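Here's the structure, in structure tokens; my notes come after.
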Amino acid sequence: MKIIQAKDYAGMSRKAANIVSAQIILFPNSVIGLATGSTPLGVYHQLVEWYRKDDLDFSKIRTVNLDEYSGLSPEHEQSYRYYMNQNLFRDVNIPMESTHLPNGMAQDYEAECKRYDQLITDLGGIDLQLLGIGHNGHIGFNEPDQAFDKTTHRVILNQRTIEANTRFFRNKEEVPKYALTMGIKAIMQARKILLVVSGADKAEILRRAMMGPITPSVPASIIQLHPDVTIVADEAALGRISLS
Ligand code: GLP
């Protein structure tokens, strides 16, 4: 596990964007696993800036996102498809058909989960998976206390996750109660993992994920077992970990 410390959120975003850029430059047809939430926004904005300077070419890149809310259409401003379109896809030269998210509107969600797993297999697996971490240790929407060996599945969102995500909606009632998420199994099969973490409010969960026991009660703790993990975190997020 490599830990890269950045001074602040902007520094974390640039350092992480450098790692994603290196992947795109070295392997232009990479499959990149993408995350949503507020943490990766700076990474996406930096990538767009470098694309505009002609430093990056996304034309052969394929992307698979970790998750999507159940019941939100791609046009809904809080859907992850909308987020990705707004914050990355529309501003770079990636063909839309190379961008993939679970379909939150699928009525037959079991079939949709199978389709998504098959899609990842057909793409040849994920070369680099970008991750954020929830305050309860979730990655994607893999909430605490679920089996580690799950593939894409539908989850009932935890109260803490609903509360954390209420800030993006008009009120708590509007936050979807379900989501489709890539499972821990697919995340662990990614060839490389890049976890981005910012802020003092994530310091304790980051400590537990990195140094605590590997347990489904902290889903992110499983990445301790992954052979190629890079964590880029700012000083505040690393506040409970001694790097010496
Ligand atoms: C959501 C997403 C996760 C993300 C988490 C943390 O629940 N499904 O993929 O890592 O939020 O979000 P933030 O970065 O806003 O703290």
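Throughout, numbering of the chain's residues begins at 1 and tracks the sequence. As the structure is a computational prediction, the values presented were derived from the model and not from experiment. Counting starts at 1 for both ligands and their atoms, following the listed order.
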Specify the protein heavy atom at minimum distance from atom 16 (O) of ligand 1: its residue, its atom name, and the distance to 0.1 Å.
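Scanning the protein heavy atoms, the shortest distance from atom 16 (O) of ligand 1 goes to Lys202 NZ, 2.7 Å.
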
For atom 4 (C) of ligand 1, what's the nearest protein heavy-atom neighbour? Residue, atom name and distance, please.
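Residue, atom and distance for the closest contact: Thr36 O, 4.0 Å.
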
Regarding [X] and [Y], does a basic nitrogen lie under 4.0 Å from an acidic carboxylate oxygen?
X      : Y      : value
Glu49  : Arg52  : no
Glu235 : Lys7   : no
Arg207 : Glu204 : yes

The one among Tyr80, Tyr83, Phe168 that brings a heavy atom closest to atom 1 (C) of ligand 1
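Residue with the shortest heavy-atom distance to the ligand atom: Tyr80.
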
Between ligand 1 and [X], is the shortest N or O to N or O distance under 3.5 Å?
X      : result
His135 : no
His138 : yes
Gly140 : yes
Ser38  : yes

With the threshold set at under 4.0 angstrom, would you say Ala35 reaches ligand 1 through any of its heavy atoms?
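Not so, Ala35 does not reach ligand 1.
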
Does Arg167 have a non-hydrogen atom less than 4.0 Å from ligand 1?
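Yes; Arg167 lies near enough to ligand 1 that a heavy-atom distance drops under 4.0 Å.
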
Atom pairs and distances, side-chain donor-acceptor, residues 181-189, under 3.5 Å, sequence neighbours left out:
unit_1	atom_1	unit_2	atom_2	d
Thr181	OG1	Phe141	N	3.0

Can Asn85 and Arg81 be counted as having a side-chain donor-acceptor contact under 3.5 angstrom?
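Yes - a donor-acceptor pair under 3.5 Å links their side chains.
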
Report yes or no: do Asn142 and Gln146 form a side-chain donor-acceptor pair below 3.5 Å?
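No, because no side-chain N or O of Asn142 sits under 3.5 Å from a partner of the opposite role on Gln146.
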
Heavy atoms only, cut-off 4.0 Å: how does Thr181 contact ligand 1, side chain, backbone, both, or neither?
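Neither; nothing of Thr181 gets under 4.0 Å from ligand 1.
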
For ligand 1, is any non-hydrogen atom under 4.0 Å from Leu131's backbone (N, CA, C, O), its side chain (CB onward), both, or neither?
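For Leu131, there is no contact with ligand 1 at all, from either part.
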
Does anything in residues 154-212 form a ring-ring contact (aromatic ring centres under 6.0 Å, His included)? List the pairs, not counting sequence neighbours.
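Passing the test, one end in residues 154-212: Tyr69-Phe169.
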
What atoms of ligand 1 come within less than 4.0 Å of a heavy atom belonging to Thr39?
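Those of ligand 1 that fall under 4.0 Å from Thr39 are 13 (P), 14 (O), 16 (O).
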
Find all atoms of ligand 1 within a distance of less than 4.0 Å from any non-hydrogen atom belonging to Gly132, and give their numbers and elements.
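Selected atoms, number and element: 10 (O).
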
If you look at every heavy atom in Tyr9 and Ser38, which pair is closest and at what distance?
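Minimum heavy-atom separation between Tyr9 and Ser38: OH-O, 3.2 Å.
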
